[in-house]
Protein chains: 2
Amino acid sequence: MYTGGYTGKILRVNLTDKIAKEEELPFDVAKDFIGGAGFGIKYLFDELRAGTDPLGPENKLIFSTGPFCGTSVPCASRIAVTGKSPLTNAVGMALSGGYFPPEIKFAGYDVLIIEGKAEKPTYLWIKDGTVHFRNASTVWGMKTTDCQQVIKNELNDQNVRIACIGPAGENLSKIACIINEMRAAGRKGLGAVMGSKNLKAIAVRGTGSVAVTSEERLKIAKGNFGKAMKESPVLYSAFSKLGTPMVVDALCALGIFPAKNFSATGEFAPVEQIGVEAQNTRNVGREHCYGCPVGCSQLRLARTGPYAGILTEGPEFETMYSFGGETGVDNIDSIIAADRLADELGLDTISAGVAIGFAMELFEKGILSSADTGGLDLHFGNHEAMVTLLRLMAYREGIGGLLSDGVKAAAQKIGKGAERYAMHVKGLELPGYDVRGAKAHGLNYATSYTGADHNRGYAFQEIFGIPIPYAVDRFAVEGKGKLTKWNQDVRMATCDCPTMCAFLLDMAVPAIATQNTADLMEAATGLTYTPEEVQKVGERINNLARAFNVREGFTRADDTLPERLLTEPLKEGASKGNFISKDDLKQMLDEYYTARNWDLNTGSPTREKLKELGLEYVAD
Amino acid sequence: MYTGGYTGKILRVNLTDKIAKEEELPFDVAKDFIGGAGFGIKYLFDELRAGTDPLGPENKLIFSTGPFCGTSVPCASRIAVTGKSPLTNAVGMALSGGYFPPEIKFAGYDVLIIEGKAEKPTYLWIKDGTVHFRNASTVWGMKTTDCQQVIKNELNDQNVRIACIGPAGENLSKIACIINEMRAAGRKGLGAVMGSKNLKAIAVRGTGSVAVTSEERLKIAKGNFGKAMKESPVLYSAFSKLGTPMVVDALCALGIFPAKNFSATGEFAPVEQIGVEAQNTRNVGREHCYGCPVGCSQLRLARTGPYAGILTEGPEFETMYSFGGETGVDNIDSIIAADRLADELGLDTISAGVAIGFAMELFEKGILSSADTGGLDLHFGNHEAMVTLLRLMAYREGIGGLLSDGVKAAAQKIGKGAERYAMHVKGLELPGYDVRGAKAHGLNYATSYTGADHNRGYAFQEIFGIPIPYAVDRFAVEGKGKLTKWNQDVRMATCDCPTMCAFLLDMAVPAIATQNTADLMEAATGLTYTPEEVQKVGERINNLARAFNVREGFTRADDTLPERLLTEPLKEGASKGNFISKDDLKQMLDEYYTARNWDLNTGSPTREKLKELGLEYVAD
């Protein structure tokens, strides 16, 4: 049996029956899936039937920590939230950091599986192994920060850590997120899943600690890991001080900072208004996740106009893009305000921003009229309209009701050719990279089991020029299938499963990522892997997630990109003239499926591959 | 020497020199001034020179707890904040409840005296007797809720309790308050004093406890007290569920709910829109101060329009008035939103609302034009303009810069007869009672050492018809001088000094107030008083406060009311036809001064009276 790292316990909570029970975490699951997204996808596949309504009581919401969460391993105290996504109908998985994740371990659990639907608004109060189903009538309707504070007061314990939804999740917005502290498990509408269960919040307090198998071995492993972090040319020198939004400048320089719903990338590059230098004028401090020596999360305070005095933790790069370039807004204070408001309302900032940019382009093209928008002037760059739209989306008022389910659904309702301007893959709105100038990144969007998701296979080789596992030309097509498989499998195995911060992979340890995970796993849990076996865990889970989606009816045809990216070359900037043609995509997909040993026609994993990965039962 | 109740220690903090030192709390001070406002006024009088600039480093800010604060005595864990008011140039004293006050006792102190001025934005971190001067650059500029959370995170202790200022205090608005949790030491601009010292916050954590002299005696005293509370016809049955704003209905019925800057009292009585029934549609829960079984503080959530999802703790009655009747606004959600925003910005809700109502009347009268307001439509009832004005006041932008120092200063700058519409006494804006229908209440406004301050001598006899010490006719003039003396002295002695909740005096224990304080004092501190001696403490401190003001140049001429209340009878409602004529005021003042043994010409305490109260040194 394994020891250390894991608590060895799953807490299964049925909201319909108000029953909570503990189950043992099976050895095989721990060994073959490591933790985090691995556990989430494993249980989601095993326990959901095909065609489950994502907003019905049969969907599940799985909160799974990693084996180092709550230990002294830095940058590892994150949590994966997994459920069937109401936005994509595919696997929905999103991660968050902060202080909520380790508290679950301290309370005695590796995994929470939430089932059913509470009769009335409820929050869970998990205190060291006891579970209370509490009336959430006081906090229902509250924004996320207030909700957390009021629950702490109600429980008379300021040390409680809470994950909750805002009004958006309550109103079943399909782009609603889950917030803990000021951090988000942001994407794929998992906040709506929580809302559909009448579950406002999960409050946790644990006084236990997490043991490891060998403190001595762990010290050595952490030493190697820490050394790699220190040797990173950017981690402490830049990233710690600037956080993710430092990428705005880099992407503007590469000509791939998306602008105006991807219609003006390279033309609108507001680096002076919202780039690093402008960001620094709003920086007031930093926050750290539990056990993180980097502290990349910047506290920024808006300074001007109606936004003065609004604080946010962020905006992260993706939000700078979604509320900035994507919408044509270059007022940094409005972006700060929109970031905070989205967190308070519980809206995913990426999807919300893309929905706004989408509506703006439709307005400019005359597909949406002033009558449709309730008089809102939705020209690109109107930051006041942007902020207003967030509220309308969270409360499903007016045009907000249309956008609240994401651009794919909105485009279908609007008709009139709107789909052409809906920037999504499988229903998930595009993150902040115009992949016409970063083709592996584009292939990842097309193939990720979650839809257009930069985090499931981030092509740092193309974005930062890091030559690991090998150097690539970002405009090239050849080799990108294999690279994307590597990116997806390594990221799954070294970040999403051990719930380690993905920024480390990108910036500090890409060369030693699988070795690092193997070393830490042995020290913390006693489970031994070769680096190749670690990567194999990633492949296993990516196959299992793919199998889930195949079971839901997804095929090769769904592995695509928005028409615009496949047909319109970039008109300006350092990536001018580039796009991913349909032939490019076909070639990359063929290479990708071949590398994965997936069927070239259907995009389904072959029985042979599943068997190799110990997933025969999936093929059956 | 005394024992119990008190920690026996004063912490004196000099921000200029970054020095903190402990002093012994003298026996005589404890005995003669009890605590709270008594301590604050004692040290303010003794340590300030006449003519001290309220916003200069020579002003002091004194946080003083009471002898039951942090003990098991219910409703007693409040704190008085005292300084020379920048709004009135008189004694500024305001009280707050919540959890910050007892934390100071737990950390080992009865009183904090803050002196000097920090070179750079600073916050104090007081941990069990150790004092740290910390750089506040991260939290400077933040709203009050964010400020508190960020400091907790920075100190890595979620149990820290914090009092802080918002942007209004930083920008030296003379109507800025001090906020702890979501509670305010609201009035007289003490937030600006804190801001003038570059002191953003005081963070406190104490792990000690507060001993009492006799647990046995205390149990008996608390029993009697608790019995009186239970026997109250309103305390648990209504007040606990509705909080102070239940008074809206009562005052509308009495025809004294002030409306449209006191121009339309009795005509505009929005009881349906913002009275108890309407309030109940927004109630979601309650908060309790430390050790309070009542929990009158209502959590209310705005539901409609741009205000949806905004939570506030309140609005208390005074805020229902100031952002409601006073401004002609009857949109309850906008009042909730304005209440929260004022707390976040650190603006006193009463003064801010009266300043807005004042500006609205000037706008309607044509004294302020659209050019003066930067295009803001300031007609009575414009709730959006009201919310905007709060921000402009806190940041001193446009018309907000004018209003940010209160209506007296604004009227002087505007000229054109604006003073007639400036509803203040001694510079302090009027609370929510149109005293034309409650004359003792009016006399208290005229004579309170803090200016128009309902809390320094609340005439519950007139408002609630409680016949203690005797029944009165609210429209009568005779007897109101003596009554006001009683109200002021008893309130000082039984609420403001022992820092006990004033609502108890009004609603539960008026008949036994001084006996109750005597019993609790003996049990908790070992100091013995007769009920008459308790009341004498109140008289002593009211004389000392008056002496402070006399030293600053205040005379009988300052004991007055706004011209409108002295000349315009109420036109509608249950108090129709009533006003306080100049003769009425003269008669009441004569009776009041006589009852106090103060000089009838100057309004100064006589040497004889001061000597009787043990304040010879003051006369000298």
Side-chain angles (χ1 to χ4, degrees), chain A residues 98-99 135-154 156-161 166-168 170-171 181-182 282-288 290 297 299 301-313 340-341 344-346 387-388 391-392 394-395 397, chain B residues 98-99 135-154 156-161 166-168 170-171 181-182 282-288 290 297 299 301-313 340-341 344-346 387-388 391-392 394-395 397:
Chain A
Y99 290 81
N135 184 336
S137 64
T138 292
V139 289
W140 196 256
M142 279 185 201
K143 294 179 180 176
T144 56
T145 299
D146 288 337
C147 172
Q148 294 177 67
Q149 185 60 58
V150 170
I151 287 177
K152 287 177 187 179
N153 295 352
E154 193 168 294
N156 198 23
D157 185 345
Q158 300 295 314
N159 289 302
V160 171
R161 297 295 181 173
E170 296 176 14
N171 295 326
E181 297 107 51
M182 286 177 73
R282 302 301 191 267
N283 273 27
V284 292
R286 287 150 58 197
E287 291 284 357
H288 295 244
Y290 178 90
S297 194
L299 289 173
L301 195 62
R303 301 285 186 192
T304 62
Y307 312 116
I310 296 177
L311 175 76
T312 203
E313 197 177 316
R340 177 64 181 268
L341 182 60
E344 293 290 356
L345 296 168
V387 172
T388 300
R391 180 172 55 77
L392 297 180
Y395 289 98
E397 287 176 20
Chain B
Y99 291 80
N135 184 336
S137 64
T138 292
V139 289
W140 196 256
M142 279 186 201
K143 294 178 179 175
T144 57
T145 299
D146 288 337
C147 172
Q148 294 177 66
Q149 185 61 58
V150 169
I151 287 177
K152 288 178 186 179
N153 295 352
E154 193 169 292
N156 197 24
D157 184 346
Q158 299 295 313
N159 289 303
V160 172
R161 296 295 181 174
E170 296 175 16
N171 294 326
E181 297 106 54
M182 285 177 75
R282 303 300 191 267
N283 274 27
V284 293
R286 287 151 58 199
E287 290 285 356
H288 295 244
Y290 179 89
S297 194
L299 289 173
L301 194 62
R303 301 287 188 190
T304 62
Y307 311 117
I310 295 177
L311 176 76
T312 203
E313 198 177 314
R340 177 65 182 267
L341 182 59
E344 293 290 357
L345 295 169
V387 172
T388 299
R391 181 172 54 77
L392 297 181
Y395 289 98
E397 287 176 21

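Chain naming here is simple, since letters A, B, ... match the order of the sequence lines and numbering starts at 1 in each.
- Put simply, of S137(B), P306(B), A394(B), the one with the most heavy-atom pairs under 4.5 Å next to chain A is P306(B).
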*Going through the distances and angles, do N153(B) and H288(A) end up as a side-chain contact (heavy atoms from CB on, under 4.5 Å)?*
CA-CA 9 Å; N153(B) 295 352; H288(A) 295 244; over 6 Å; no
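- Considering OG1 of T145(A) and CG of D146(B), their distance stands at 7.0 Å, rounded to 0.5 Å.
- In this structure, the separation between OG1 on T304(B) and OH on Y395(A) is 10.5 Å, given to the nearest 0.5 Å.
- Of the atoms belonging to L301(B), it is side-chain heavy atoms, and not backbone ones, that fall under 4.5 Å from chain A.
- When each of E313(B), K152(B), R161(B), E154(B) is scored by its heavy-atom pairs under 4.5 Å with chain A, the top score falls to R161(B).
- Contacts of E344(B) with chain A are absent, with no heavy-atom separation under 4.5 Å from either backbone or side chain.
- Of the possible donor and acceptor atoms, none in the side chain of R391(B) sits under 3.5 Å from a partner among the backbone N and O of A308(A).
- Counting heavy-atom pairs closer than 4.5 Å to chain B, the top-ranked of the candidates E397(A), E287(A), Q158(A), M182(A) is Q158(A).
- Using a 4.5 Å cut-off between heavy atoms, L311(A) touches chain B through backbone and side chain atoms alike.
- For the pair E181(B) and Q149(A), the minimum side-chain heavy-atom distance is 4.5 Å or more.
- Residues V284(A) and T138(B) come closest through the heavy atom pair O-OG1, 2.9 Å.
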